[in-house]
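This report refers to the structure that appears directly beneath it.
As the structure lists them, so they are numbered: ligands from 1, and atoms in each ligand from 1. Throughout, numbering of the chain's residues begins at 1 and tracks the sequence.
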Amino acid sequence: MTNKLSDRINNLPVSATLAMAAKTRELKENGIDIIGLSLGEPDFNTPDFIKEAAVQAINDNFNSYSPVDGYVDLKKSICKKFKRDNGLHYETDQIVVSTGAKQSIANTVQVLVNPGDDVLLVAPYWVSYSAIVTLAEGNPIEIRSDISSDFKITPKELESSITNKTKLVIINSPNNPSGSVYTKQEYIELAKILEKYPEVFILSDEIYEHINYGVPHYSFAKIPSMYKRTITVNGLAKAFAMTGWRIGYIGAPAWIAKACTKMQGQITSGTNCIAQRATIAALEAPVSKIQYMVEEFKERRELIISLLNEVEGIKLNKPMGAFYIFPDISYFFGKTLKNKKINNASDFAIFLLEESHVATVTGDAFGSPNNIRISYAASKEEIKKAIDRIKSSLES
Ligand code: GLU
């Protein structure tokens with residue numbers, strides 16, 4: 001019956017990250033010992049002080065519809081967070097709270113992009129950017145980068161992709177899937193190009209802001225010439241171990257925030273009221289309260305780098321943020337492993353799933369066909385076991 005469905009949905013690719021997560025779940029339920037390193041999801045519990053705020057909200061009978069753009073006191077906490085962590089000044093009418101940063105991105109794209117507009121994506125990019133752009137009938141245009149430039153683009157590469165059809169550029173630092181972090185100076189250089197093209201907007205996805213191993217986080221909107229055309233996206237999922245709570249938000253020019261509220265009002269309304277109340281507790285707390293998770297991720301990063309360095313044919317960069325490693329595995333293309341011909345990164349990811357019982361995500365989904373993404377948001381024991389398995393199936 002798929003022919004009865006709209007072209008829109010028939011042409012929409014399935015989210016590769018979520019598909020791999022579903023596959024992992026299914027195999028585990030069937031008793032297969034899969035190590036899931038596909039999903040970007042902290043394995044920590046949500047901190048107790050946040051859970052307590054949620055329980056309090058339930059007991060205080062927060063059960064009605066909230067304002068579409070979020071509770072005012074939550075929006076004030078978000079303004080304070082932007083000031084404290086990013087040096088950005090936003091008023092509450094510039095904030096919209098949504099059901100995950102994913103909805104914040106989808107809202108922004110829907111309200112800015114007309115059919116036929118180009119949206120520049122810096123590859124590797126998070127899987128859903130291109131699908132979200134396609135749903136808005138925009139054209140996702142990739143600016144490719146690879147491991148030789150630490151997966152970053154130069155101002156020249158940015159400029160050569162801009163045309164009079166370019167409406168939006170989506171940037172993401174720390175980056176999912178490469179873990180690369182742009183420095184303040186690198187962002188200033190990119191901004192100098194964008195200054196020449198005043199019609200172009202910038203969506204800066206900063207969801208991994210706090211998961212950073214040493215390059216200071218810098219918000220693109222902090223560059224004075226960019227503030228008025230940058231939409232800063234952030235959320236609670238990664239740094240606060242709150243993936244399932246679904247809280248994302250934007251700081252943006254008020255006219256864009258207003259449009260996003262209008263869009264959201266027709267699709268989902270205000271996001272979950274309990275999660276919103278808990279978010280106030282999360283954002284009002286000092287960032288030091290969640291540092292223990294970042295420290296642990298940092299140790300896991302060292303571990304996975306040292307283990308993967310021992311696997312022949314795997315080329316790595318050193319991720320400075322997020323909890324992914326994005327090795328170049330093109331060395332294996334054209335080779336036959338255990339009677340299976342490896343033609344591309346998808347074949348390689350399937351090989352790892354079937355032979356090593358380790359779930360990863362093919363780089364094709366992120367616009368980087370020479371790579372695979374491995375999430376190290378898993379215990380050290382699981383990481384060790386996974387890389388050990390990968391090593392032995394590749395060596396045999
Ligand atoms: N952002 C996470 C990831 O890339 C969560 C899954 C998703 O929504 O794509 O794995």
When the aromatic ring centroids of Tyr227 and Tyr90 are compared, is their separation below 6.0 Å? yes
Below a 4.0 angstrom heavy-atom separation, can you tell me which part of Asn176, side chain or backbone, both or neither, approaches ligand 1? side chain
Report the part of Met20 (side chain from C-beta onward, or backbone N, CA, C, O) that has a heavy atom under 4.0 Å from ligand 1; answer both or neither where that applies. neither
Side-chain donor-acceptor pair present, Asp205, Tyr129, cut-off under 3.5 Å: yes
What heavy-atom pair brings Leu5 and Asn10 nearest, and what distance separates the two atoms? O-ND2, 3.5 Å
Shortest non-hydrogen pair, Lys338 vs Phe351, comes out as CB-CE1, 4.1 Å
Enumerated ligand 1 atoms positioned under 4.0 Å from heavy atoms of [X]:
X      : result
Leu18  : 6 (C), 7 (C), 8 (O)
Lys102 : 7 (C), 8 (O)
Tyr324 : 2 (C), 3 (C), 4 (O), 10 (O)

Is there a nitrogen or oxygen of Gly40 sitting under 3.5 Å from a nitrogen or oxygen of ligand 1? yes
Is there a nitrogen or oxygen of Ser128 sitting under 3.5 Å from a nitrogen or oxygen of ligand 1? no
List the closest protein heavy-atom neighbour of atom 1 (N) of ligand 1: residue, atom name, distance to the nearest 0.1 Å. Lys238 NZ, 3.2 Å
If you have a sec, work out which protein heavy atom is nearest atom 7 (C) of ligand 1 and how many Å separate them, to one decimal? Thr17 OG1, 3.4 Å
Note: with side-chain heavy atoms under 4.5 Å as the link, the other cluster members for Leu18 come out as Leu39
Would you kindly confirm whether Phe220 and Val181 end up in one hydrophobic cluster when ILVMFWY residues are joined by side chain heavy atoms under 4.5 Å apart? no
Could you check whether any heavy atom of Glu41 sits closer than 4.0 Å to an atom of ligand 1, since that is the contact criterion I want to use? no
Can you sort out the partners of Asn107 under side-chain hydrogen bond (donor to acceptor under 3.5 Å, both in side chains), two or more places apart, ordered by chain and number? Ser98, Gln264
